[in-house]
Student: 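This is the structure I have questions about; it appears just below.
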Amino acid sequence: MNKQDFIAMTRHMVDESHAAVLASTDKEGHPHIRWVVPGFLGNREGALYTVSVATYPKVDQLLNNPNAEMMLQTPGLTKIINLRGIVNILDNPTIKSEVLECLGERLHAFWRTTKPEGDLVVLEFVLNEATYYVPMNNSRITVFLG
């Protein structure tokens, strides 16, 4: 599988599932996982984007150690993708607007638990490596993206 095919499949899974699990580590090296709503922006196929609040612990964790992993899965768990990469914290109004335009309708739970004031930041998950699993036939493919 080449990089373009893999990105197309990942884009399809993001559009199908609307959610992913993001893993980061704290200063003591303890892992933390949480649900996020990722999306691709236009032709920026080398990264996934999501939003957070600047004061949330995950932002501090990612500022300390930007290495992270994200897991996507189809609703029926027939396909799973683990993405590894670096997360950049972006506080640019233009990119915020673009990400909110892309993800806005998928952020229902986020808005129920978050004040929508100006402390939003964008998490840019730059893709380096990915593993694609098909559990039912025990197949696994790793693709280097960075």
Side-chain angles (χ1 to χ4, degrees), residues 1 3-133 135 140-146:
M1 179 179 301
K3 181 178 177 177
Q4 289 74 26
D5 291 341
F6 186 82
I7 294 293
M9 180 179 55
T10 303
R11 184 182 291 272
H12 177 74
M13 284 181 67
V14 165
D15 290 342
E16 185 179 6
S17 67
H18 301 276
V21 177
L22 177 68
S24 62
T25 56
D26 62 24
K27 291 178 184 177
E28 292 77 34
H30 300 175
H32 296 267
I33 59 173
R34 78 279 292 153
W35 290 104
V36 294
V37 177
F40 284 97
L41 294 184
N43 293 326
R44 297 181 192 156
E45 294 183 342
L48 280 164
Y49 296 83
T50 191
V51 294
S52 187
V53 175
T55 56
Y56 279 9
K58 74 175 156 228
V59 173
D60 187 49
Q61 292 162 11
L62 292 164
L63 285 169
N64 258 337
N65 180 0
N67 295 296
E69 187 159 344
M70 187 179 290
M71 184 181 72
L72 302 164
Q73 63 191 37
T74 57
L77 296 174
T78 56
K79 299 174 187 170
I80 300 168
I81 297 177
N82 281 40
L83 303 160
R84 284 164 293 288
I86 302 291
V87 177
N88 298 310
I89 310 298
L90 307 177
D91 194 17
N92 175 298
T94 302
I95 196 94
K96 283 184 200 179
S97 176
E98 193 175 344
V99 170
L100 289 173
E101 172 101 10
C102 170
L103 301 178
E105 64 188 37
R106 300 179 183 175
L107 294 171
H108 303 293
F110 179 79
W111 294 128
R112 277 194 292 257
T113 61
T114 305
K115 296 176 291 183
E117 280 84 43
D119 55 354
L120 287 180
V121 292
V122 170
L123 305 183
E124 177 188 51
F125 188 85
V126 180
L127 307 173
N128 290 331
E129 179 183 327
T131 303
Y132 170 61
Y133 304 97
R140 179 184 307 216
I141 299 169
T142 298
V143 179
F144 295 94
L145 304 164

Student: Could you list all the salt bridge (Lys or Arg N to Asp or Glu O under 4.0 Å) pairs where at least one residue sits in residues 35-60, not counting sequence neighbours?
Tutor: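 Every salt bridge (Lys or Arg N to Asp or Glu O under 4.0 Å) pair that includes a residue of residues 35-60, provided the two are not neighbours, is Arg11-Glu45, Arg44-Glu98.
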Student: Does any non-hydrogen side-chain atom of Tyr56 lie less than 4.5 Å from one of Val121?
Tutor: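 Contact flag for Val121/Tyr56 side chains = no.
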Student: Distance check, rounded to the nearest 0.5 Å: Leu72 atom CG versus Tyr132 atom OH?
Tutor: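 Those atoms lie 12.0 Å apart.
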Student: Quick one: do Asp15 and Phe40 satisfy side chain to side chain contact (heavy atoms under 4.5 Å, CB included)? Show the steps, please.
Tutor: CA-CA 9 Å; Asp15 290 342; Phe40 284 97; over 6 Å; no
Student: Going through the checks in order, is the side chain to side chain contact (heavy atoms under 4.5 Å, CB included) test met by Met9 and Ile81?
Tutor: CA-CA 10 Å; Met9 180 179 55; Ile81 297 177; 4.2 Å; yes
Student: Quick check: are there more than 12 heavy atoms from other residues, nucleotides or ligands sitting under 6.0 Å from CD of Glu101?
Tutor: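 Atom CD in Glu101 is not crowded, with 12 or fewer foreign heavy atoms closer than 6.0 Å.
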Student: OG1/Thr25 to NE2/His32 distance, rounded to the nearest 0.5 angstrom?
Tutor: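 Thr25 OG1 to His32 NE2: 8.0 Å, rounded to 0.5 Å.
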Student: Please indicate whether Ile141 has more than 12 foreign heavy atoms, meaning atoms of other residues, nucleotides or ligands, lying under 6.0 Å from its CD1.
Tutor: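 Count over threshold, so yes.
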Student: Under the side chain to side chain contact (heavy atoms under 4.5 Å, CB included) rule, what do Ile86 and Asn128 come out as? Steps first, then yes or no, please.
Tutor: CA-CA 8 Å; Ile86 302 291; Asn128 290 331; 3.7 Å; yes
Student: Okay, side chain of Lys79, backbone of Thr74: is any donor-acceptor separation there less than 3.5 Å?
Tutor: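 Absent.
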Student: Residues in side-chain hydrogen bond (donor to acceptor under 3.5 Å, both in side chains) with Thr131, at least two apart?
Tutor: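 In terms of side-chain hydrogen bond (donor to acceptor under 3.5 Å, both in side chains), with neighbours along the sequence ignored, Thr131 is linked to Arg84, Thr142.
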Student: Minimum heavy-atom separation for Gly39 and Val14, please, with both atom names.
Tutor: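 Scanning both residues completely, I find the closest heavy atoms to be CA-CG1, 4.0 Å.
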Student: Do the non-hydrogen side-chain atoms of Val59 and Val53 ever get within less than 4.5 Å of each other?
Tutor: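 Contact flag for Val59/Val53 side chains = no.
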Student: Decide side chain to side chain contact (heavy atoms under 4.5 Å, CB included) for Trp35 and Val21; before the verdict, give the C-alpha distance in whole Å, the side-chain angles of both, and the deciding distance to 0.1 Å.
Tutor: CA-CA 5 Å; Trp35 290 104; Val21 177; 3.5 Å; yes
Student: If we ignore hydrogens and angles and just use 3.5 Å, is the side chain of Thr50 paired with the main-chain N or O of Val37 as donor and acceptor?
Tutor: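 Indeed, once roles are kept as given, a pair shorter than 3.5 Å links the two residues.
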Student: With Ser24, which residues qualify under side-chain hydrogen bond (donor to acceptor under 3.5 Å, both in side chains), at least two apart?
Tutor: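 Result, side-chain hydrogen bond (donor to acceptor under 3.5 Å, both in side chains) vs Ser24: Arg34, Gln61.
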Student: Checking side chain to side chain contact (heavy atoms under 4.5 Å, CB included) against Leu48, which of Val36, Leu22, Leu83, Leu41 comes through?
Tutor: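 It is Leu83, the one option of Val36, Leu22, Leu83, Leu41 that forms the side chain to side chain contact (heavy atoms under 4.5 Å, CB included) with Leu48.
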Student: When you measure from the side chain of Ser97 to the backbone of Pro93, do you find a donor-acceptor pair of N or O atoms at a distance under 3.5 Å?
Tutor: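 Between the backbone of Pro93 and the side chain of Ser97 there is no qualifying donor-acceptor contact (under 3.5 Å).
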Student: Do Pro135 and Ile80 make a side-chain contact, defined as non-hydrogen atoms from C-beta onward lying under 4.5 Å apart?
Tutor: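 A side-chain contact under 4.5 Å exists here.
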Student: Side-chain contact, heavy-atom cut-off 4.5 Å: Met70 with Pro38?
Tutor: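 The answer is yes; the side chains approach within 4.5 Å.
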Student: Quick one, Asn82 and Tyr133 - any side-chain contact, counting heavy atoms below 4.5 Å?
Tutor: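 Counting from C-beta outward, Asn82 and Tyr133 do come under 4.5 Å.
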Student: For a 4.5 angstrom cut-off between non-hydrogen side-chain atoms, does Val51 reach Leu123?
Tutor: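 Of all side-chain heavy-atom pairs linking Leu123 with Val51, none is under 4.5 Å.
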Student: Taking C-beta and beyond as the side chain, do Val122 and Asn92 meet within less than 4.5 Å on heavy atoms?
Tutor: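 They are not in side-chain contact.
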Student: Mind listing the closest non-hydrogen atom pair of Gly85 and Phe125 along with its distance?
Tutor: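 Scanning both residues, the minimum pair turns out to be N-CZ, 3.7 Å.
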Student: Considering only heavy atoms from C-beta outward, does the side chain of Ile7 approach that of Leu127 to under 4.5 Å?
Tutor: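 Side chain of Ile7 against side chain of Leu127, heavy atoms only: contact under 4.5 Å found.
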Student: If we ignore hydrogens and angles and just use 3.5 Å, is the side chain of Lys96 paired with the main-chain N or O of Leu120 as donor and acceptor?
Tutor: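 A pair under 3.5 Å: yes.
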